[in-house]
Structures are given as structure tokens and as C-alpha cells.
Colleague: 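Quick one: the structure is below, and I'll ask about it shortly.
Fair warning: this is a prediction, and the values are worked out from it, not measured in the lab. Protein chains get the first letters and strands the later ones, always in sequence-line order, with residue 1 at the start of each.
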Number of protein chains: 2
Amino acid sequence: MALIVHKYGGTSMGSTERIRLVAKRVAKWARAGHQMVVVPSAMSGETNRLLGLAKELAPGKPDAAYNRELDMLAATGEQASSALLAIALQAEGMESVSYAGWQVPIKTDDAYTKARIESIADDKVRADLAAGKVVVITGFQGVDEDLNVTTLGRGGSDTSAVAVAAALKANECLIFTDVDGVYTTDPRVVPEARRLQTVSFEEMLEMASMGSKVLQIRSVEFAGKYKVPLRVLSSFTPWDIDVDVEAKSGTLITFEEDENMEQAIVSGIAFNRDEAKISVLGVPDKPGIAYQILGAVADANIDVDVIIQNVSKDGITDFSFTVHRNDYARTIDLLKEKVLPSLGAKEVTGDAKICKVSIVGIGMRSHVGVASKMFRCLSEEGINIQMISTSEIKTSVVLDEKYMELAVRALHKAFDLDQTAA
Amino acid sequence: MALIVHKYGGTSMGSTERIRLVAKRVAKWARAGHQMVVVPSAMSGETNRLLGLAKELAPGKPDAAYNRELDMLAATGEQASSALLAIALQAEGMESVSYAGWQVPIKTDDAYTKARIESIADDKVRADLAAGKVVVITGFQGVDEDLNVTTLGRGGSDTSAVAVAAALKANECLIFTDVDGVYTTDPRVVPEARRLQTVSFEEMLEMASMGSKVLQIRSVEFAGKYKVPLRVLSSFTPWDIDVDVEAKSGTLITFEEDENMEQAIVSGIAFNRDEAKISVLGVPDKPGIAYQILGAVADANIDVDVIIQNVSKDGITDFSFTVHRNDYARTIDLLKEKVLPSLGAKEVTGDAKICKVSIVGIGMRSHVGVASKMFRCLSEEGINIQMISTSEIKTSVVLDEKYMELAVRALHKAFDLDQTAA
């Protein structure tokens, strides 16, 4: 008998018909002898509906003063879906009880709309599990020290599920979603893309941050920190698939490198074209330059991804970075108006038509020549590399966006990702 | 400066446009120097929508086992509307904070779906009021000792508002609704019906129980018990009507008989045709008969209203009572199958085509001849009285339903209710 946490996203909870299927699936796991905790999202569309009402009442830029009330408002979506799921479970003949974040309680800091979980009490849930009940816990929300309702921000239900699993020392946390696992790359770009049976949480972090969007990145961090085995799998398979089969489906995100890991050097190819490249040219190479440039950008609340500073020549260097494409024009204006004059730099250039392609793999740590193999592959395809950035388990290149699909396909093949690992 | 509680019903909260008008009205009161607490219902239709989803998941008769979850579910409606109202108030430039029942906390017993309020803490609300905030408190809900969410049953937001007003010792509790006050009788039946400026809470109780439906009956009981001045008024007047004028509009339900009371003997005429009459004929007049008949009815969860037992003749009597018309057939069957055989009564008869008409007035206590005036009036109209029942401040008669409008109009005129009180 294991203690298992299931998490179901908004699409899986999107109608009473789908909620009933979730209940049947959970009941199946409970009947197989597992202690079950379920963390559902709000029914799809509900959070947007609620926040849309708030927007009608307070038009214009959202004011931070509204955040406490926005959390009170948005948290109702998960409370309703959790109660509905408990009712569906009872209708399936399971004893079940639902708890809102404050009832568990899931304690967070007071950063409304993007709160962080600080602690989760487990006594009430454990008592219910011992009594044979299926416990439903609202995703996405918690309560601060002064009993104000907080939410964890969009996608926070993944984080709730992992945090609950960590607090209960669950054997596994299963994230049911609308994809059936983590792939070597996006199958829409590379038809040969292969589902990974396991992936390390560090690789998952690098993939998630590249917009793989299978899991909210904070939930992966949490799983890594608390060593919660995490499985991503589909809620669109038939609900009555055998439990033992389902328990091995999808992709397991594991923190134990040596156990059952596929020994591929590169596990996947991540990519996006959400970014734009900006270069400040002819910068005097002296201390404080990076801060002068990026400090101004950060003050304007603009996130920076890749940052490159090349070695200087004649005391002059070029400084490049990427921002989200939506922030491109704003960043260029900011630099021209506020930074260039004081910096003594020559000019600011940029290009919004770029893409970023990354190879990700925990095996890169112990294998040399992985990056050069990547560069050779791109060279053979005649693709010019504009920027390069490396981390321990990831090598990213910035390319002209027109090469994105070609680069991803070529790299997928070069690293044998279409072949099942031994 | 007074401490005022406003309560707004679902229709008043029915859209963001209407919520904005509520916010403007409340802000007007706050700017006039009052400390403001607002208790809103869920947006109209929302509670039904939520419970409809639950019904889809658990079809058939609602099982009491679902009640805890139904309360978790339904309570989200008021939490959302309260947060939206706080946002609207902030958009109007007022500092505002919303609290769910458990945050105040409003403590109740654990009778899910029909909980009773046990206590309301006032420290948090008082601190907010002292800081100049408008406090929004969810209607309809509370929390039990074990931190389960409870609801007070349909219409419970009125009770919440009165209970909050009692806990805060508010100067007045204003119930904003879609009618502009309490009338001498239904204006749709008697065009001359007149709005009462004041009515005693006892009269209001008698009217409410007759289906006047202006206020939930428990809220009136609460107001009477805790001596909360209660005013019923319309939320469909222009929001910017002068505060001093608005403060005197509608109908004040007061517990102080001697102060500003209209001295009419009869304050209003209540009526309904929701009931059916049942008689058990030829019952041996011996101890325990009433219990034998009504005990069986109560065991079947059927509410009984008027009960009449006439004096016996030759040791035999007739026993009559009224039930809701929906329960008529079931009650007749029950009596025939289970009660008649053991009772030795002759037969059960009944009539579903009846109505009940009542005159209500606190003045009846001290005035003789009120009932006989009622009977004379009905007699002059040729209306036969089938049953009579009296209480301290009410006299009710059961009539053929075809006479209902005629009886109400005749009584309204006979007791001069179309004339403004001196």
C-alpha cells in the first residue's frame, strides 16, 4: 500500500462528465489499495471568468492593492472544483472529504497572487487517510499567518500537489495532464520525438524553463528539493486502464541519477521563439558595466534570459542579452534613452526574429565534446550561430528564427534521440 | 457617526454593473461618516449553478453524506461576490477588505446546509472599521468547531447580516432588496396596499411565515432576539439618493413597541394558497390521539401548519390540519395506510383547493373584537370559513381558494389599511 498524490489540471476537471472520470480513476487507485490524496485545479475557464469579472470592476492596470481580493476571488475556483470532486467520489462509493488551503492548512507567505508555500500540516489528512477516506485538497492556494487567502500564481496547482506530496512523504506524485509525458522534443516539430520514461529533475527544470510547459517550473524545483518522485501522465487515457500499467506510464521525473536512468548524454531538445536579442555595442570594458545595463532593465521589471559578454578588444566590448519578445521595443527605448548616454557606448542593436534552441542532458556533465557535436551539426546544416550560452547540463544557441525547426530536427537526429535508449 | 450594516441580495449583486452600483451606494454611506459593514449574497443564479453541477455528479435524492461538500461548494458563491464587491469599493476609492465566514470567524454548529450561528468575533472587523475600511463579510456561511465550512440554508444571508449587526451592536441593519418595504398586503392583490413605515418584529414574523418572503424568517427572529433595528428597503432606487432620505425609506422592523409605532390594531393581511386541508373524521376522543396522527406525519418529515381539534360529541371528534399542498397526496396515503387502521377512525377527507388568510397586528393583544370583526367582514361577503386558528397577534382562517382575493381585499378595507395611520 502506497500513499499517492494525484493532480488533475483544469482541462481534466473541465465538466461534470470529466470530473466523474477523474473520480472513477481515483477510486480505481484507492480500490487497488492505495491511500489517495487528490489536488485538482479549477474547472477550465473558471479562473479566467472570475478574474474577468474583477477586471470589469477595476479596469486598467491591475493595482497591487487589489491583490488580496483577487486571491479571495480566484481561490473559489479550486474550492468549488474540489468539493465537486469529493461529491463525485462519494457518488462512486468512496468516502471523501475536501479541504481548502486554509483548512489543511497550507501556510504561505503573504505575497498575494504569487505566494510561496512555507509549511503544510499533515495531521488532519493523515487521520482521514487512516480512516479510509480519499482526501481532496484545493490546488493553487494557501493561507498566510493572518488567515488571509493567498494563491500561488498561475499553474500553482502543480506546486500544491508536489508540496502536499512532500509534506505527506508520498510515494509518488502523479500529475495528470493533457499530454502523456515528457518528450525528447516537441512532436509537432519532430515526428520522431520519443517519450522519455524517466528524466532527471534537473533536466526537467531546464526543459520547463524553455517553455515545455508540461509542468510549472516551481513544482519541479519543489520536487527536486524535497525529493518527491513526480510522474507526468495523461488524463485522457481510458479511466479503467489497469493500475499497474498506469503506474508505469508517462514520464517519471526522478532525483536519483543512478536508478533506472536512461544513460543518454542528451535527453531532449528544447526551443522557443519567444525571445529577442539586444546588443549594446562599443562598451568601454570597465567594472560595473553589466550592472549599469542590466540594472536599468531589471528596474523596468523586464526579465533577461541569456547574457553574453565577450572578451574586450582595445578596452571596448560588446554586451548582448535576450529578453521576452514582448519587451523588445521597450528595452531598446530604455537603453537608448537612459543607458547609452551615461555609458559612452556606441549603439544599441537588436533582432526580434531569433529563436533559442537548447540541448539538455545530465550526461553532459561527464561527457566532453557534447557542445562541439552540437555546433558541428548546426554547421553541417549551414546554420549560423548568433549567441552561445552554456550551463552544466544545457547548451543553448541563439539562431535566426527561420532555422528553428531545421535545427531542432537535425539535433534530434544527431543525438540519436529517435532511438530508444538501451 | 453610526455603525451601519448593509445587506444586498443576489439580484442586487447580479452583474458587475450592479455590483458597481452597490459599491457606489456603500461608499456614499461611508463618506457620510458612517462605519460600514456590507454582507452580500452570491451573484444571482450562482448558487443554483453550483448546486446544479453537484446534482449532475450525484443524481437522485440528495444524500446527507454530500452536505459537507455541498456547503464547501455553495459557500464559494458568496466568497466570490464579496471579493468582487471589495474590489469595486477599492475602485471607488474606498479602502475595503472582504472576509469569508471562517475568517471573521462566524462560528456555527455543524448542521451542514442549515447551520445555526453560535458566535461572531468582532475584533478583526472593529480594527478594520477603526482604520477606515469598509468591511465586506460573506453572507450565508460560517465555520464549525472543526473548521468545516457550513451554510445557513437558503436566504441565510439575511440572517448573517442581522447576526453581524448584533455582534457589532450596529445602529441599524439595512436589508436592500428588490421591494421597497413591507406592505399591508400584497399590492398585486390589493392596489391600495400601503407600505408600512414601521412594523414590529413579531408582526413581521407572522407575515414572513405566511410567505411574504421579504425577509428570511430566521433573520427576523434573530433581530428580535438581539434587538437589532432592521430596515427593509429597495436597492433599485438611484444610488445617489441622499443618505438622510435613504435612511428613512423602506420599512423599519422594530422591537420597541412604544416608539414611533403606528397604532393600527391590524398591520397587515397575509395569505397563501400553498396549503391543503386534511381531516380525520370520527376519531375516538381519548388521550394520545393527536400524537398518533401527527407523530406519523412528522416522522414522514411533513410540516404541519394549522391544527384544529374540535370538542367531542359522544366521545367522537374530528381532527383537522393543513400541510403544504405538495405533501397533500402523500399525507392522505400515509394516514389511510398507517394511521386509520390502528386509530379506529372512520375516514380521512381533504381538500387541496383552500387558501389561508390572516390578519396580523400587535394591537390585537390589547383590543377585543378584532377576530369577530374579521368574521363579520367575511360573512358579509358571503365567504364560508372552514377552519379558524388564532395566536396572540394573528387570526387565520382557511377558506375555499376561490375567495382568496376577495377576502384579502375586503379585510384590507374593513381594517382601514388603505388609510395612513395617524
Colleague: Could you tell me if the side chain of B:Val149 sits less than 4.5 Å from the side chain of A:Trp102, heavy atoms only?
Modeller: yes
Colleague: For each of B:Ala80, B:Gly77, B:Ala74, tally heavy-atom pairs with chain A at distances under 4.5 Å, and name the one with the top tally.
Modeller: B:Ala80
Colleague: Side chain, backbone, both or neither: which part of B:Asp71 has an atom under 4.5 Å from a heavy atom of chain A?
Modeller: neither
Colleague: Less than 4.0 Å between a side-chain N and a carboxylate O, is that true for A:Arg68 and B:Glu95?
Modeller: no
Colleague: Just wondering, are more than 12 heavy atoms of other shown residues or ligands nearer than 6.0 Å to NZ in A:Lys107?
Modeller: no
Colleague: Between A:Ser96 and chain B, with a heavy-atom cut-off of 4.5 Å, which part of the residue counts as in contact: side chain, backbone, both or neither?
Modeller: backbone
Colleague: Taking atom OG1 of B:Thr76 and atom CG of A:Leu84, what is their separation to the nearest 0.5 Å?
Modeller: 8.5 Å
Colleague: Please look at A:Ala23 and chain B and tell me whether the side chain, the backbone, both or neither of the residue comes under 4.5 angstrom of a heavy atom of that chain.
Modeller: neither
Colleague: Rounded to the nearest 0.5 Å, what's the gap from CD1 on B:Ile87 to CG on A:Leu53? Could you check?
Modeller: 9.5 Å
Colleague: At what distance, to the nearest 0.5 angstrom, does CD of A:Gln79 lie from CE of B:Met72?
Modeller: 4.0 Å
Colleague: Quick check on A:Arg116: does its CZ atom have over 12 non-hydrogen neighbours (other residues, nucleotides or ligands) under 6.0 Å away?
Modeller: no
Colleague: Heavy atoms only: give me the nearest A:Leu147-B:Lys124 pair and the separation to one decimal.
Modeller: CB-NZ, 4.2 Å
Colleague: Sort B:Ser15 into side chain, backbone, both or neither according to what part of it lies under 4.5 angstrom from a heavy atom of chain A.
Modeller: neither
Colleague: For B:Val136, is it the side chain, the backbone, both, or neither that has a heavy atom closer than 4.5 Å to a heavy atom of chain A?
Modeller: neither
Colleague: Working to the nearest 0.5 angstrom, can you tell me the gap between A:Leu85 CG and B:Glu69 CD?
Modeller: 9.5 Å
Colleague: Answer yes or no: is there an ion pair linking B:Arg18 with A:Glu56, defined by an N-O contact shorter than 4.0 Å?
Modeller: no
Colleague: Side chain, backbone, both or neither: which part of B:Gln90 has an atom under 4.5 Å from a heavy atom of chain A?
Modeller: both
Colleague: For A:Asn301, look at atom CG and say whether over 12 heavy atoms of other residues, nucleotides or ligands are found less than 6.0 Å away.
Modeller: no
Colleague: Answer with side chain, backbone, both or neither: which region of B:Ala100 has an atom nearer than 4.5 Å to a non-hydrogen atom of chain A?
Modeller: both
